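Keep in mind that this is a model prediction, so the values were computed, not measured. Starting from 1, each residue takes its place in the sequence as its number.
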Amino acid sequence: GPCDFLITKGQEDNTILEFKLASNSKAKNSYKQLDAYVKSHDANNGILVFFYFNEKEKRLVENITRENSEYTYTTILINCGKQVSASNLK
């Protein structure tokens, strides 16, 4: 399918933004998928955002290999698990 977002600043600066759930069984292929999007859109950059809900999912995402990726990407991990509200901290 298509990439999640293509962010452009003129013709010279294109960035692919891709979102993934860490629990997705295909998450391990995320960097290869991003490679394909970057090539097909002639993009300069790629950003991969993983959403995780527990420590197990976080570790899975942290261990996804980038060794077969042709490019260097920015990777962002977002903790979507239940958090204690800051107003309830003592």
Side-chain angles (χ1 to χ4, degrees):
C3 64
D4 291 333
F5 289 94
L6 173 61
I7 303 165
T8 63
K9 182 178 179 184
Q11 291 181 324
E12 293 80 35
D13 189 7
N14 297 323
T15 299
I16 302 293
L17 181 57
E18 192 67 20
F19 296 100
K20 296 288 180 192
L21 285 173
S23 61
N24 185 326
S25 63
K26 296 181 181 179
K28 64 182 178 289
N29 298 320
S30 298
Y31 290 102
K32 288 185 180 198
Q33 183 181 16
L34 194 53
D35 283 347
Y37 291 147
V38 166
K39 281 182 184 178
S40 69
H41 290 283
D42 197 26
N44 310 79
N45 304 297
I47 301 172
L48 192 52
V49 180
F50 287 102
F51 299 101
Y52 69 93
F53 291 86
N54 55 52
E55 287 302 309
K56 180 182 176 185
E57 289 179 356
K58 181 181 180 185
R59 283 190 304 277
L60 286 171
V61 169
E62 289 174 334
N63 291 324
I64 292 175
T65 182
R66 299 180 199 191
E67 66 188 32
N68 295 325
S69 180
E70 297 180 35
Y71 306 95
T72 301
Y73 300 117
T74 299
T75 304
I76 301 170
L77 283 80
I78 298 178
N79 184 351
C80 299
K82 187 170 181 162
Q83 305 292 317
V84 175
S85 171
S87 61
N88 292 333
L89 293 175
K90 296 180 183 190

Steps toward side chain to side chain contact (heavy atoms under 4.5 Å, CB included) verdict (Ile16, Ile47): CA-CA 6 Å; Ile16 302 293; Ile47 301 172; over 6 Å; no
Nearest heavy-atom neighbours spanning Ala22 and Ala27: O-CB, 4.1 Å
Asn24 CG to Glu57 CD distance, which is reported to the nearest 0.5 Å: 10.5 Å
Side-chain touch Tyr31/Thr75, heavy atoms, less than 4.5 angstrom: yes
Co-membership, hydrophobic cluster, residues Val38 and Ile7, 4.5 Å side-chain: no
Minimum side-chain heavy-atom gap His41-Asn14 below 4.5 Å: no
Nearest-0.5 Å distance that lies between atom OG1 in Thr74 and atom CG in Leu17: 10.0 Å
Passing candidate, side chain to side chain donor-acceptor pair (under 3.5 Å) with Tyr73, options Asn45, Thr15, Asp35: Asp35
Between Tyr71 and Asn44: side-chain donor-acceptor atoms closer than 3.5 Å: no
Reported CD-to-CZ distance for the pair Glu18 and Phe5, which is rounded to 0.5 angstrom: 10.0 Å
Spatial distance of atom CD (Gln83) from atom CG (Asn88) [nearest 0.5 Å]: 12.5 Å
Geometric class of the Phe51/Phe19 ring pair [parallel <30°, tilted 30-60°, perpendicular >60°]: parallel
Leu77-Leu34 co-clustered via ILVMFWY side chain contacts under 4.5 Å: yes
Pair Gln33, Lys20: side-chain N/O donor-acceptor within cut-off below 3.5 Å: yes
From Leu48 atom CG to Ile64 atom CD1, the distance as rounded to the nearest 0.5 Å: 7.5 Å
Tyr37 versus Gly1, closest heavy-atom pair with distance: OH-O, 3.0 Å
Atom pair CG (Asn79) and CZ (Phe50), whose distance is rounded to the nearest 0.5 Å: 15.0 Å
